[in-house]
Amino acid sequence: MDVAESPDLQAQLAAAVHALNHASHPSARLAANQWLLGLQRSPQAWALAASLLACADHPAPSADLLFFAAQMLRRKIQSPDYPLPNNAAQLLDALLVAARRFCLAPPRLLTQICLALAALALRAEGGVDGLFARMPHLPDPALLELLTVLPEEVAQDESGDTGVDSVTRCRFTRELLTHAPAVLEFLLAQSEKPAAADGVPLHERNHRLLRCLLSWVRAGCFSGAPASALAAHPLLTFAFNSLQAFFSFEVAIEVMTELVSQYQELPQAFLSKMPYIREVLLLPALANRSEKIIAGLTSLMCEVGQAAPGLVAEGSNEALSLSDALLRCIAFSSEDWEIAESTLQFWCSLAHCILGIDEQTSKRSATQELFLPVFSSLLDALLFRAQIIDIDEHCTGRVSSIPDGLVQFRLNLEELLVDICLLLGAPAYINKLLSSGWGLASQSIPWKEVEVRMYALSMVADTILQDGSPFDFSVVMHFVNILSSRTPAELNGCQFLVYKSFGDVIGSYSKWLSSSKSNIKPLLLFCASGISKSISSNSCSVALRKLCEDASSFIHEPPILEILFWISEGMGEGNLRIEDEEEIISAITHALCSILDKELRKTSLARLLCSSYSAVEKIVVTTCYRCTDPWPIPATILHGHHRRDQQPFR
C-alpha cells in the first residue's frame, strides 16, 4: 500500500467504523458495512490494520476503530479465503506490540488481539514455539489473556470452515502441551501473588486465572500426571478455595467439573470434601435461596457421583453426605426444574450400580438396606417437585396446561421412578404412594398430591404388573367414585389434569381393576367425565377401551351397556380428536361383540348407530335445501330404515 494514501484510507476507515456504530439512519450503516466488507477482502487490509494497532500518535485512534482493526486481522487470519502474508513473523511481532500496548485497555480489545495471535500461531509454521519464545516480553494481563485463548483456538476452529485440517489441529495441541508445565507454573505464581500486586483487583485476577486454567484443563494439561500429585496440586486447591468467592464461583465449578470428568483418580479426593461442601457452602446457599450457588454445587456433586457410583454405593459418611446434599437440592423449590433435573442421571447411575450387584450376595442386601431410606426420601422429593402447583386453585373458564419445564422433567423421571420401584420393592413403592392419610371429604383432598402420585403409579405400571404383588385398589376407587360423581360444572380446568393421571392409572392397571365387577360402573362413569375435556380425553378414552377389552365376561350386561350407549350419544356434543373417537368406538365394539344373543346384539348395534342418524339428517337437509331446486329427501336416508318411534333409547 502506498504510504501517501495511507492517511486517507485510515480516515475513510475511521469514518466508516463511526457510521457503522453510531449512524442514526439504516442506509448509512448499511453503506458503511458494505464498504468495510470490501476493505476486509482487499490486500491493503493487512498493513492498514497492523499500522493502526501499532500507531503511537496522540490522541490514539478511537476504541471502536482499534477494535475493528484487531477484529479484521483475526478474521483475515482465520479465513481460508485470505492466504497469510509472506511476512507472518512481522505480523506476529506487530500483534505482540499491540498486546503490550493495550494490556490495560478495554478487555474486548485485548481479547481480539490475543485471538488474532492464537489464530496466527495455529496456521503459521512454527507459530506456537515462536509465540512462546516472545511471551516473556508481555505484561502479565496480556500474557494471561493470550494463554487463555490459545487452547480455545482449536475448539473454535473445529466449529467453522476455516481451512485447517485435523492434522494441523493435532500438531497445534501437541505443541501447546509441551509448554503446559511452564504455563501451570506461571498460573501458580500468579495465584500466590498478594492482592493488587499488579494493580488488578484480586477477585478479577482470580477469575482470569481460573478461566485460563479451565482452557488448559480442557486441552489436557494434566495428562500423565500421577493421581496423588494431581489430587494434591496447588492449583486444584486454589480452584476449590475459589468456591467461596462469589465472583469466581462459576468458573471454579467449571474447572473442577472438567477435572473430575477427565481424570478417574479425582472423584475419591472430591468425595472426601463433601461434608465441607454440604455444611459450609450448600446449606447457607439453600437458606439464602442463592440459586446460582445451588445449581453450581449440584453440578459438581453430580459429576463426582456419576464418575464413581461404586464409591458412593460403598456408603461411607462422605457418600451419605453427598446423597443428603443432593436430596436437599432436589427439594429446593424454584421457578424452573433445572436443578432437580440435573441430578437425575446421578441417581440413575447409583441405582443401576446397586441393582447390578449380585442379588444372592450379602453385599447387595447390605447396600440396598443402607440406601433404602435415601431412595425413599428421593421419591418424596421427586413427588414434591413434580407437583402441578395450581391444581387446587380456582381457574374457571379455562383448561390449565402443565408448564413445559415440568412436562420435560416428568418425561425424564420415568427411568428413575422404575429404578426406585425396583430398589424399594413394588409393595413398598405402592404403599408409599397410596398411604398419605388424605381426608375422606372431597373438599379437603389436596388434589395436587393425589395427581402426582397417580402419575408416579402409572409410570411404573409395567414393573408392578411384572412383579405381580397383591395391589389394594380401594384408595384408587375411592377417588374414582368422588371424581365420577362430579358434574362438569363442579370442575375447573386445572382439576381435569387429575382426570388425566387417573385415566393413565386405569388404563395401565385395567386388567386388575376390571377383575372386580363392582368397579366397572364407577370406572366407566369416570371415563365418561374425563372424555369431556380435551386435556384428559385421550387418557380416559384409552382407559375406556382397555376396560372393555379386559372385562369382556360382563361388559355386555344391560346396566353397563346403558353407560356405553350414553357415552356414544355424547360423542357428537364435544370436539373429540379422531383418535379419541376411534378408542371409544373400539371400546363399544368390544362390548357388543361379547353379546352372545344375536337379536340383542342387533338391537344394541341399531341403538349405537341411531345416535348418528340425526347428525346425518341435519347434514343432508342443510345441503339439499341450500340448492335453488331442492331435491326430495328419501325416507331411507332420513330414517335409515329405522322408525324413530321404535328407537330403544333416546
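The model shown is predicted, which means the values in this text are computed figures rather than measured ones.
- Between Q112 and R108, the side chains place no donor N or O within less than 3.5 Å of an acceptor N or O (distance only, hydrogens not considered).
- Pairs of residues two or more places apart, or lying in two chains, that qualify as side-chain hydrogen bond (donor to acceptor under 3.5 Å, both in side chains) and include a residue from residues 328-337 are D324-R328.
- Proximity of V374 to L378: side-chain heavy atoms (C-beta onward) are nowhere separated by under 4.5 Å.
- Counting heavy-atom neighbours within 6.0 Å of E258 CD, excluding the residue itself, gives a total above 12.
- For the pair C103/L138, no side-chain contact is recorded, criterion being any heavy-atom separation below 4.5 Å from C-beta on.
- Side-chain rings of Y276 and F240 approach one another, their centers coming within less than 6.0 Å.
- Every pair tested for side-chain hydrogen bond (donor to acceptor under 3.5 Å, both in side chains) that includes a residue from residues 280-309 fails, sequence neighbours excluded, so the list is empty.
- Looking at Q387, its side chain never comes within 3.5 Å of a backbone N or O of V452 through a donor-acceptor pair.
- Atom OG of S191 and atom CG of L235 lie 5.5 Å apart (nearest 0.5 Å).
- Here N412 pairs with E341, L344, Q408 under the side-chain contact (heavy atoms from CB on, under 4.5 Å) rule; sequence neighbours left out.
- When each of K76, R74, R75 is paired with Q78, the side-chain hydrogen bond (donor to acceptor under 3.5 Å, both in side chains) condition holds for R74 and for no other.
- When D419, V418, L413 are each tested for a side-chain contact (heavy atoms from CB on, under 4.5 Å) with E415, only one passes: D419.
- No side-chain donor-acceptor contact under 3.5 Å links S272 and E318.
- W347 is listed as a side-chain neighbour of F375, based on a closest heavy-atom distance under 4.5 Å.
- Legend: residues meeting side-chain contact (heavy atoms from CB on, under 4.5 Å) with D380, ordered by chain and number and at least two apart, are K432.
- No side-chain heavy atom of P309 sits less than 4.5 Å from a side-chain heavy atom of I354.
- Taking a 6.0 Å sphere around CD of E338, one finds it holds 12 or fewer heavy atoms contributed by other residues, nucleotides or ligands.
- For E204, the salt bridge (Lys or Arg N to Asp or Glu O under 4.0 Å) partners at least two apart in sequence or on another chain are R208.
- No hydrogens or angles considered: nothing links the side chains of H18 and D64 as a donor-acceptor pair under 3.5 Å.
- More than 12 heavy atoms of other shown residues, nucleotides or ligands fall within 6.0 angstrom of atom CG in D81.
- Aromatic rings of H233 and F238 (six-membered ring for Trp) have centroids beyond the 6.0 Å cut-off, not under it.
- Applying the side-chain contact (heavy atoms from CB on, under 4.5 Å) criterion to F186, with sequence neighbours excluded, gives D140, L143, L144, L147, Q190.
- Within the 4.5 Å cutoff, no side-chain heavy atoms of N21 are placed close to those of F68.
- Taken to the nearest 0.5 Å, the CG atom of L188 stands 10.0 Å off from the CG atom of L209.
- Using a 4.0 Å cut-off between charged side-chain N and carboxylate O, R211 and E145 make a salt bridge.
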